[in-house]
Each structure stands twice: as structure tokens, then as C-alpha cells.
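Here the structure is a predicted model, which means the values were calculated and not measured.
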Amino acid sequence: MEPDDPAEALSELRERRLGALELLQAAAGSGLAAYAVWALLLQPGFRRVPLRLQVPYVGASVRQVENVLSLLRGRPGKMVDLGSGDGRIVLAAHRCGLRPALGYELNPWLVGLARLYAWRAGCASHVRYLREDLWKVDLRDCHNVSVFLAPSVLPMLETKLQAELPSGARVVSGRFPLPTWEPAVVLGEGVDRVWAYDVH
């Protein structure tokens with residue numbers, strides 16, 4: 001074989017042991033890649049929000065989406081997802097007849113991803129994803145609300161919901177219950193559990 005044969009070069013690389021410098025370079029490269037993902041996907045949504053109000057993105061599971069929709073299905077009025085992430089709940093809500101369906105998300109990358117998913121599903125003209133701070137959104141005309149937020153922000157969210165939602169509205173909280181409200185319905189087990197609250 002010739003000295004610069006790719007197969008021979010590959011077999012030499014497989015037999016060679018990595019030294020400390022190569023391991024350090026691999027670790028640094030992996031750390032840099034992880035930071036780039038964090039900086040591009042997660043950090044943009046946090047820049048304009050005080051630390052105590054920040055909520056990291058964790059996508060809802062298929063079961064969580066199903067549970068939310070089973071508690072909202074058939075209800076009239078506008079549906080909003082506060083902190084809509086990649087938009088899967090809004091898209092599923094539209095598909096099951098909740099209209100209009102709208103998502104509020106601060107992270108521009110997730111808003112773009114949600115819009116891409118809606119376009120791929122053929123629903124881009126029927127659902128809306130807005131890059132807005134959920135704390136500044138007016139909820140007075142919302143009758144169906146879903147939230148998958150961290151427990152640290154739920155007490156403040158209760159105050160906002162109570163002040164703005166109309167009578168008869170329903171709030172469905174995933175992963176964590178609202179701290180002081182009494183749920184009308186609880187559905188699911190473990191991390192897939194959701195709580196429904198009716199506003200009176």
C-alpha cells in the first residue's frame with residue numbers, strides 16, 4: 001500500500017493511544033460545543049428576563065400533550081400556551097379544534113422552530129407563535145391556557161392569571177401544580193401529570 005492510503009492512515013489512528021494533550025483538546029471541544037448550544041438555544045430567552053422569572057426549556061412529552069388536550073378539548077374560546085417552547089402544544093391544540101391557538105415564547109430560536117413545525121404540518125396560517133414576554137401579555141380574552149413552567153414562577157403566575165383571565169377560563173398546568181389553587185381535575189401519573197383549574 002502507498003504511505004498516504006486512507007485505509008492505512010485510518011488503521012494507524014485506531015491503533016494510536018490518545019495522549020493528555022489530545023484528551024484535553026477533545027474535552028475543550030466538547031465543552032465549547034455544549035456552550036454554543038446553550039448560548040444559541042437557551043440563553044436568548046433569558047437576556048430580557050430577571051433571574052427569578054427565568055424558566056428553562058424542556059419539551060413536553062407526547063403523553064403530556066395528550067393529557068393537556070384531553071382537559072381542554074371541546075372548550076370554546078382562544079387557547080394560549082405561555083412559554084410555548086417548540087410549539088407542540090399549540091399545534092396539537094389547533095389540530096383538535098381549539099381555535100385560535102397561540103403560543104408566547106421569549107426565545108427567538110424556539111419561536112422559529114415552532115413556526116417551522118407549523119409550516120411542515122401545513123398549519124402555519126392557522127396557528128401563531130409570538131416572541132413576547134409572558135409576564136407582559138394581556139390574557140383578558142383567553143379562555144384556555146396551558147403552562148409548563150418552573151415551580152419558582154407559579155406563585156406570581158397565579159396572581160397574573162387571577163387578575164386577567166375571564167370567568168369560566170381553564171388553566172392546565174403541566175409538571176407542577178399551581179401552589180394555592182384547587183384543581184378541578186388531575187390527570188396522569190408522574191412527570192406526565194397535569195392539573196386543570198377553572199377560574200370563577
Side-chain angles (χ1 to χ4, degrees), residues 35-69 71-72 77-96 98-161 163-165 169-178 191-192 194-197:
Y35 174 77
V37 167
W38 176 79
L40 290 174
L41 294 179
L42 300 176
Q43 181 61 15
F46 290 157
R47 288 188 187 126
R48 299 181 346 190
V49 178
L51 184 62
R52 65 185 170 82
L53 298 180
Q54 292 180 4
V55 178
Y57 166 69
V58 179
S61 70
V62 172
R63 179 62 54 128
Q64 288 169 336
V65 173
E66 290 170 356
N67 289 344
V68 167
L69 294 181
L71 295 176
L72 294 177
K78 181 179 181 179
M79 184 277 174
V80 298
D81 186 13
L82 300 177
S84 59
D86 65 4
R88 63 185 76 186
I89 291 176
V90 174
L91 193 55
H94 171 76
R95 287 178 173 156
C96 84
L98 290 164
R99 297 189 181 127
L102 175 65
Y104 292 108
E105 173 61 51
L106 197 55
N107 186 319
W109 297 95
L110 291 173
V111 172
L113 185 61
R115 290 175 179 161
L116 174 66
Y117 289 156
W119 175 78
R120 285 178 53 197
C123 299
S125 61
H126 304 292
V127 296
R128 288 184 20 201
Y129 300 99
L130 301 175
R131 183 175 177 233
E132 291 190 38
D133 184 348
L134 67 90
W135 302 106
K136 297 176 182 173
V137 169
D138 184 2
L139 300 174
R140 285 180 288 185
D141 64 339
C142 301
H143 295 275
N144 303 293
V145 179
S146 70
V147 294
F148 277 73
L149 299 173
S152 60
V153 301
L154 292 178
M156 290 171 281
L157 184 64
E158 280 183 334
T159 304
K160 178 177 176 59
L161 295 173
E164 296 181 20
L165 289 178
R170 174 167 277 190
V171 178
V172 178
S173 180
R175 290 200 189 99
F176 303 102
L178 296 178
V191 296
D192 295 326
V194 295
W195 294 261
Y197 304 90

Quick check: closest heavy atoms across [X] and [Y], and the distance to 0.1 Å?
X	Y	value
Ala60	Arg88	O-NH1, 2.5 Å
Pro155	Pro151	CD-O, 3.4 Å
Arg128	Val90	O-CG1, 4.4 Å
Asp138	Asp141	O-OD1, 4.1 Å
Leu134	Lys160	O-CE, 3.0 Å
Gly77	Asn144	O-ND2, 3.3 Å

With sequence neighbours excluded, tell me which residues meet side-chain contact (heavy atoms from CB on, under 4.5 Å) with [X].
X	answer
Val137	Tyr104, Glu132, Leu139
His143	Pro166
Arg175	Val58, Gln64, Phe148
Arg63	Ser61, Glu66, Asn67, Asp192

* **Sidechain-backbone polar pair: Arg131 side chain, Leu106 backbone, donor-acceptor under 3.5 Å** => yes
### Query
Is the side chain of Glu164 donor-acceptor paired with the backbone N or O of Arg140 at a distance under 3.5 Å, no angle test?
no
* Stepwise side chain to side chain contact (heavy atoms under 4.5 Å, CB included) check, Leu157 with Leu82 -> CA-CA 10 Å; Leu157 184 64; Leu82 300 177; 4.1 Å; yes
d(Leu71 CG, Ser173 OG) to nearest 0.5 Å is 11.0 Å
Can you give each donor-acceptor pair under 3.5 Å made by side-chain atoms of residues 111-119, sequence neighbours left out, with the distance rounded to 0.1 Å?
from	atom 1	to	atom 2	distance (Å)
Arg115	NE	Tyr129	O	3.3
Arg115	NH2	Tyr129	O	2.6

Only residue of Val171, Leu72, Asp81 satisfying side-chain contact (heavy atoms from CB on, under 4.5 Å) with Val145 is Val171
Ser84 meets the side chain to side chain donor-acceptor pair (under 3.5 Å) criterion, sequence neighbours left out, with none
